[in-house]
Each structure stands twice: as C-alpha cells, then as structure tokens.
Amino acid sequence: MYVPARGPGGPTTPGTLLEVTGLRVVADGALSGPEVVLDGVDLRVAPGECIGVVGESGSGKSLAVRAVVGLLPDGTRTDGGSVRLRDQEILDLPPAARQARRGRGVALLMQNPFTMLHPQLTCGSQIADGLRPGAPGGPAVSGRRVRRAAERAEVARRLAEVGLAPETADRYPHELSGGMRQRVAVAAALAGDPDLLIADEPTTALDAANQRAVLGLLRRLQAGRGMGLVLITHDLRVAFSACDRVYVLYAGAVLEQGSPAELESDPRHPYTAGLLAAEPSVHERLPRLPAIAGSVPAPGRRPDGCPFADRCPHAAPVCATPGVLLRPLPHVPAPAAEGHQRLSACVRLAEIADRPGALKGGAPLPAAGPAKAAPADGAPAPVSGDPAVRTAAAPVPALLLEGVYRTFRSGAVRQAAARGVSLTVPQGRVTALVGESGSGKTTLARIAVGLETFDEGRVEVGGVALAPGRRPGHGERVRLAGQAQIVFQDPYSSLPPLRTVEATMREALAAAGQIRGASRRERAEWTRDRIGELLTQTGLPAGCATRRPAALSGGERQRVAVARALAVRPRLLVCDEVVSALDVSVQAQLLNLLTDLQRAEGFAVLFITHDLGVARQIADEVAVMYRGELVEQGAAADVLDRPRHAWTRRMLAALPPAAVGRPGPAIGPLGPGEQPLQ
Amino acid sequence: MTPPRSPGPGPANRPAPQRPWHVRLGAALPLRYVLRRLAGTAGLLAVLSAAVFALLRVAPGDPARTLLGTRSATPQALAAVRADHHLDDPVAEQYGRWLADALHGRLGTSIRTGQDVTAVLGDRLALSAQLVLLGFAVAVALGLPLGVLAGLRARRPADRAVQSLAVVTLSTPVFAGGLVLIYVFSLMLGWLPAYGPGSGGGGDRLLHLVLPAATLGLSVTAVLVKLTRAAVVRELAREHVTFALARGIPTRRVLIRYVLRGTVVPVSTGIGLVLAYLLAGTVMVEQVFALPGLGQLLVGSVTFKDVPVVQAEALLIAALVCLANLTTDLVHPLADPRLRTAAATAPADRDKGQA
C-alpha cells in the first residue's frame, strides 16, 4: 500500500528531532471491524523548527499527534509505521518508558483552555507537577519547606516566561480569562523542558487578539528554547503566519508539503488549491466562493487511491490506483535547503499543472458554478432584482433596534452586553454584525428573535414591537416566529438529537402556525411537500428527512438548521456565527448557499460573525460592535477597506498576515502580560 | 493544609509566599456562606419540627385520647391529659411550648411505658449509632475502592465482575441478605453470633454488630460503587487528564491528584445520601438481628401509636439527615473552587459560551 517517501537527502538525517514514517492508525469499530483512520503519515521536525499540520476536521491531524505522544483515545491504536524521537523508535517502547519520555522528550498542548486545566487545582500546582524532580533547586536541596520554596520560585519563573504575574500561581483556572489559561497551559506543557512541543489547535478557542498573542508566544518560546514545535491547525492563515514548513493533511494522508510562501503562491495539490480558494478574503467580495464540493469522507468511506479523488475537479481513473504517494515535485527547481523540498501526492500533477490556472486560488472549479448576478464589490444597490422590488413595497425594516440597553447582573457583577445600540436591518439586505467574543453581538441576536429580554429601548421585528423587560408571550412568539428565525453556531447541539430531520422541521412549521390544509391528511401531505422542497433548496438529499442529526455531517446539520429556520419563510434570518464551527471548504459551501437563498427568497439577514473575511463575503452592510456599543457601520466595502474606528482597524490588523514565513516583529496587538480585551 | 512558607529565592520575579492556611480556608469557605448554610439548615429543621408536631394533630381521633393510649378514657383522665399537654391552648402556642421543650431535651413521656422519651431514646441511640457507623464504614470501605477499580478498568472483566456483584447486593432485600449472612457465618461456620446486641464490653458488642453492619452496609455499597465508577469514568475522559499525562506527570500522580480529585464532589454527595438511607435501613436490620435500637423502637412505637416517641424519633432522624446534608454542602466548596464563586461568574461564562 504505502510507499515511504525519501527526499534526495536520503534516510534519516542525524539532526532530526522527530521522524514519523508511514504511521497508520486504525479505529476498532464496534460492528464494522477495524477502519484505517491514518494511512501512512510522514512528518519530520528538525530541532528548532516549527512545522504546521493543516487539515480539516476528520483529516486525522489530532490522532496523528496523539499517536506520536502515545495517548490515542480508547478504541484507536497504531497499526504500523514508525515514530522516532531523537533517533529512537518509541512506538515499541513499553507504556512506562513512553510515559517517562512525555514532558521531557515531547509534550502536547491541547486546544481548549477551558477544559485542559484541572478546575480544582491551582495554576501553580499544575505547573509544578510537570517540573522535573530535582531540577530547580539542585540535588542538595533537602527539607520540605526549602523544596517547596524552591518550587514556588521556579513556578514564578515559568509564569514570567509566558508573561503572567507570579500571583497567578495561587489562582484557579476558572478565575482567569481564556487567553491567560492558555498561557498557563503553555507554561505547564513546558515545565518538563521538552525537546518537542506539539500544539493541537492551541488558538482555535481564542478570539483574534489572543490568538495572535498566544501564537507569538509559542514562536518566541520555541526560538528561545531551540525547541521543535508542531502546530496543528485547521486554519491555513494561522499555519502560514507561524510555521517554517507546512504539511497538508486530508482524510488520513499527507497530500502536500512545502514552505508557507510556496504553498500559498503555488499550491501543488488540487486540495490545497481548493482550500486556499475557499478562504474568504477580507479585501474583496467574490460573486461566489469557489467551494470544494462534498465533505471530508468518514474513515470507512474513503475512496481507494487518492482520498481526495471524490471531491477533486481533476479526478481521473488513475486517481483510484491504491497507494498514496507523497513525492518530490517533478519539475520544481531543486530544494534550496535540506529538508525543504516540495512534496505532493497528486498523481496527475504533471498533467494538470500545465492547465492555466488549474491550481491557482479561485480556479474555475466545476463546483463554483457560473458567476451570475455578480454584484460590484460591496456596492449597496445591486443585490438582485427581486428583493429590490420587495424593499420598495415594504418600507418597514426587517429589524429595527433603537437605543437598546441590556445589562447582565449577578450579585455585584454587572456586565453591559448592549449599551444604546441602534441598528436597522432593511428588508432584503444582508447586514453583518462583527465583533470580538464578549462584545455583545450574540445578546443582540437573541434580543432580535425574542430569546433574550432587553432593559430599555425599542425593538421592532418586521413591524412586531417587542416590549422591554419581559419575554414575548405566546401570541407574540407565534407572530415573531413568522417574521424572524435564528440559526445557531453549533450544529452539533442546535438540533434535537432524538428527532428526525422531518420531525424537527414539522415542529418549526407548527410553531409558527403555518401548516395548511383542511383535513389531517391534506396537512400531512402539505408538510411533507414543503419539507421536501426545503431540503432540495438547501442542497440536502431527500433521504435526509428520515435521518437523525447523528447520521449527518457538520455541514449537513447546519443546512438542516438553515432549512428549519427558512421553513416558515421569515422576513429576517438571524445567523449567529453559523459557519465558525465548520471547515473552510464546508464554510464556503454554506456561505454560497445562504447567498443563493437570500437572493432567491429576498429575506433580510443579520449575520453575526467574528470573521471579517466571512463578513466581506456575505454582507451588503457591516456593523462593528465593541464592548456593547456599535462603533461603526456602513457599506461593507467602506467599513472594511476604509475603517474609521480604531477598534475596526485593530481587528483588521490582528488578522494573520497573508504569507509571511515568520511572524512580524509585533507579536500581537497586546503586550505579553497585558489582559486581553474583554 | 500546608504550613506557610518563606519566599523563594527568585531574583526578578519574586513569588509571594503562600498565604497561611487559615486565610486560604477563609477564602475557600467564606463565613457568609457557612452562616447561610447554617441558617438554611435551621429553617429546614423548623419546617420539619412543625410537620412532626402536626403528627399528633393529624392522627385520627382526639389527641387527648391518643395520648391516653390504652388507659381508660374517663372524662377525668381526658381532662387531666388536656391540662397536662395544654391541648386547649391555641395551636401556635402549643407548638411553641412543644418546640421549647424539645430544644431542652424534654420530649414528653412514652404512652406505652410511661418512661421519659429522652431516656428511652438515649439507651437505644448508642446501639443504632454504632450500627450505622459500622455499616457506613463497610459501605465506604467497599464501595469507593471497588468503584474506583471498576472505573479504571471500565468495560473489562474486573469492571464487569464488580458491577455484577453490585447488582446482586443492590437487588437483595435487607431481610433476605441478613438471613443468608446469618445462615452462612453463624449457623454453618459458627464464626459470629446470630442476633442480639451482645452483653458487656466493646469487644462483644463489636462481634455482635459485624453481621448487622455488613448487611446494612452491603445494601448501599452498590450505590456508592455505581456513583464512584461513573465519576471515575467521566474524569478519566476529561481533557485535563490527557493533558496531565501528555506533559509527563507520573501516572500514579495523575490518578490521585487529577482523576480522584475530580470525583470528590459527586461521591461526597452520594455519601451524604447514603448516610440518610442507612438511618432508615436500621429499621429492617434491627428487626432481623433482634437489636434493640432506634429502628426497632420506631416500629414498636408506630404499631402502638406511641405518638411522643414517634415524634421524637422523627425529629432526631430528620436532624441527623439535615446534618449530613449540611456537611456535604460545606465540603463542596472546599473540594471545588468553582463552587465558591459559582453564583457570581455564571452569567459571564454563559455569555462567553455563546459568543
């Protein structure tokens, strides 16, 4: 099956810190027998090098690093391949020997700062747990008190290294912000002074300012300590901004490898090209995002041969030949430095590389469709003909907020989520509401659909006025449901897991009192037809109706959530971070879908997002929220190209720079010890 | 609690010395919280005492006749009882007087024996307390280690064996289990006495309590096993356990400091509930093993409609259960710092979760 790739440099170079060759991981399914999750993954890290492993969910990137540290989750196991740490094979070592290597040889930093630290232990003690015994005070130290004091001093030093005050040692994780927790976690992971740090999505759970700060911190520590760093991420921009070399992983196999600059300007695999193209840009609005069709196949359903063949616009019969082969590029100039050769697994590279633009970002992939009704970038008027007519006929805005205040109180703590917000979402237009987490945008979204109360101000949803200080009553709720619907961020928790898709949709129709028909049979028939129509509209197979959410992928679930919201033909669709839980390729599909639906049906959209690129791609108008206040609003192009408010500029500046191999001199908008903006 | 220590030799970033233990205890268990819990418990006890007092009024028939018991209800006797118990006063006044008496340990006289209720209870309280404590020790000593074992070996043979045993003990009624133990250990093997409280000193009493305590303890062991197992399985799957292993903390240390630490809150809640259940369980066990404890007294008093004794016992057991709950409530913030400030940070967290 697998053929190991060897560059011109020959076998293992002596300076290699980590060398993974042909790593296979299988999952033992309860019924289906073993399924190959990772099929021959190669990675190589030199001392002091930072590599990135990029892949969408389901690519197996987390499993690959879990296998390297020997902490695979239950039900999965390694099945061949080799993992060499400092030239020693560690896959064959007994568990105790592997545990002894963790912390010193290799340490793993995980994604979620909210679950990674033990909630009942102080930060200091968790860092101290990982210190090497005898390391801080030397071997001569005796006596409990002296040892404890030395340990405390060492913990304080470690905290200072990640830019935290020594008092943090006595705090519990829940008393700290997400960014600070992630710093504590970094200090804990580095307590044993590992040669290699593997960071699994270390910034995904953080907001943009913290993301950049933590990324910069990792890079600085890595450079200072001369340590190897493996950065796992789903975000190409993050990998490109921080890594020396990037591996692109897809469905359990490495498809391409190269330096960030090379990968970005000259992708040598259709998948990489597709990913790059699907990334929404903050600088221009494309008529359609070139999405990759389909979704990442589950381990049991991968095609033979190239795992990307099913979704690849250039697939040919030869792609089904078993054996994914990662090899040096045929006609690319010789590698500049050892270990920097470009590798690609595409068998048709020689043929398709010659096609003009085949592997460029924004390539005319078949899935992209004809670019019809392309509006001028961000220009206000030409959304589409039909909605414009509706707008003229109905001067009532889809959503009107005037001087809305909302403060959350708990004991002495007061948190203002909305401070005099005035926002109008006109009929048939898409308004994006952008801001950092905690800026109050979700609260506003929930107020707009009557899920959250507001203290004072005026809220009208398509002419239905909501009263401050109380939740809408039953009658109001029914009228509101016909006017405005919401789609939530997490498709994994926003659909009832025990109900079929059909039952969920029927409920939505019934809740707004929209089921038509005289007899029960007529109504059942009407409902079934409407549900079928909605599923087709949202691009879901008809068989979906009888399935439960667990049988659907994340993208499909979010489509169901959109279909549910649109079932009652609302005049306003509130989308609360609807794409932030999705992979880049699926995100592009969903954004295209929303754009299509909006043009066809002419409803208004309030699109909440923290991602300025996404906002640019979908919105006619953009409103920027900061600490409960609207600080700027206007046409999308105006706000994003010519930001007036300092905060908007700061958010734009916090985006990872396009392809710069190294992080810029500025680590982030915040100093290392500074509290993140919250 | 660790003692205060001197500052370390950190040059630039000098760590503050750890605060002394009493300061940390004060932070972990703020006085206001303790007072609030105490007040809550007192309020609960007040409500319970009212309910217990109402027992007499709710009992069918004339309270005076009830209090007379089997004595002949001549008008003179009834009048004497009425005067004695102030039955003609307003109900609130009666309750106030009864409560004041109860607080002073005057719980009236038994209808059945004419003895002072406090004395009757006092005799039996010691035996039942010993029984409950021993049973509790059996349950904890078996339940927690077996639960941890089952959790660590989840879905493997050891786990299945422990779980099967737990199901067997859980589904065996106390009277049947007690009889089986008597049959095996007293009749067949002759190791232990079959019934009675024993005579004389501590050793004999202990010997006599082994089988009853085992019966009582085993009836609730399964609950602790299941609770502990579930807590351990849940903790093992937590990301912070993986992270602890991934940075090279020795496995044993991870197990004790990270995994078991996380199970303290759910398991201590379970222990509090089990303690309440054990108190009720004495009724059956004391019958089976012919132990003259509170449980047996309760059965006798209820059959005999000996209302003052029933009232006193109900009050006592209610107070003990409240006490057990209070203890768990006070242990929780000590074990989990998030519970100390939970009320203050909850909305902020919620908001963050959504954003």
Side-chain angles (χ1 to χ4, degrees), chain A residues 69 71 96 99-104 107-112 115-121 126 129-130 145 148-157 159-160 166-167 169-170 172 174-175 178 185 188-189 191-192 194 408-413 415 417 437-439 441-443 446 489 576-577, chain B residues 2-19 24 27 154-155 235-251 253-254 257-259 261-262 264-265 334-355:
Chain A
V69 292
L71 291 173
Q99 177 64 27
R101 257 166 197 74
R102 279 179 220 131
R104 297 165 183 224
L108 176 66
L109 179 68
M110 292 154 85
Q111 170 176 359
N112 193 342
T115 58
M116 200 183 355
L117 295 170
H118 198 297
Q120 296 163 3
L121 297 174
Q126 298 193 56
D129 276 342
R145 278 177 83 148
R148 289 277 188 148
E151 192 180 273
R152 273 186 79 73
E154 182 63 15
V155 166
R157 204 179 66 70
L159 284 170
E167 295 83 63
D170 291 327
Y172 289 95
H174 74 274
E175 299 170 326
F408 290 105
R409 282 178 202 85
S410 168
V413 185
Q415 201 184 14
S437 62
S439 61
K441 48 193 197 312
T442 288
T443 304
R446 294 173 67 91
Q489 169 172 4
D576 187 5
E577 297 277 10
Chain B
T2 42
R5 50 188 62 93
S6 57
N13 207 327
R14 176 176 288 267
Q18 197 161 15
R19 293 168 298 169
R24 278 184 286 145
R155 267 163 267 142
E235 285 301 311
L236 276 178
R238 296 239 193 256
E239 210 167 50
H240 60 68
V241 171
T242 312
F243 183 48
L245 288 171
R247 58 203 154 98
I249 299 174
T251 315
R253 199 173 167 82
V254 172
R257 253 170 87 80
Y258 288 77
V259 177
R261 179 71 196 252
V264 169
V265 169
L334 281 181
D336 192 339
R338 283 170 302 177
L339 299 175
R340 293 170 203 165
T341 49
T345 53
D349 276 355
R350 196 204 59 173
D351 201 38
K352 210 160 277 167
Q354 288 164 357

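Because the structure is predicted, anything quoted here is derived from the model rather than measured. Excluded from the calculations below are hydrogen atoms, water molecules and symmetry mates; all remaining heavy atoms, backbone and side chain alike, are included.
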Which atoms of A/A169 approach chain B - backbone, side chain, both or neither, heavy atom under 4.5 Å: neither
Closest-packed option against chain B by number of heavy-atom pairs under 4.5 Å, given A/A188, A/A191, A/G130, A/G192: A/A188
Interface residue of largest heavy-atom contact number with chain B, from A/V69, A/V155, A/T115, A/L109, under 4.5 Å: A/T115
Interface moiety of B/A335 toward chain A, non-hydrogen atoms closer than 4.5 Å: backbone
A/L117 side chain near B/H240 side chain, heavy-atom distance below 4.5 Å: no
Rounded to the nearest 0.5 Å, what separation is found between the [atom1] atom of [X] and the [atom2] atom of [Y]?
X      : Y      : atom1 : atom2 : answer
B/I249 : A/R102 : CD1   : CZ    : 11.5 Å
B/R247 : A/M110 : CZ    : CE    : 10.5 Å
A/Q126 : B/Y258 : CD    : OH    : 4.5 Å
B/E239 : A/Q111 : CD    : CD    : 7.0 Å

For [X] and [Y], which heavy atoms make the closest approach, and how far apart are they?
X      : Y      : value
B/T251 : A/Q99  : OG1-CG, 3.8 Å
B/P337 : A/Y172 : CG-CD2, 3.2 Å
B/R257 : A/H118 : O-NE2, 4.2 Å

Which residues share a salt bridge (charged side-chain N to carboxylate O under 4.0 Å, His left out) with B/R253, sequence neighbours left out: A/D129
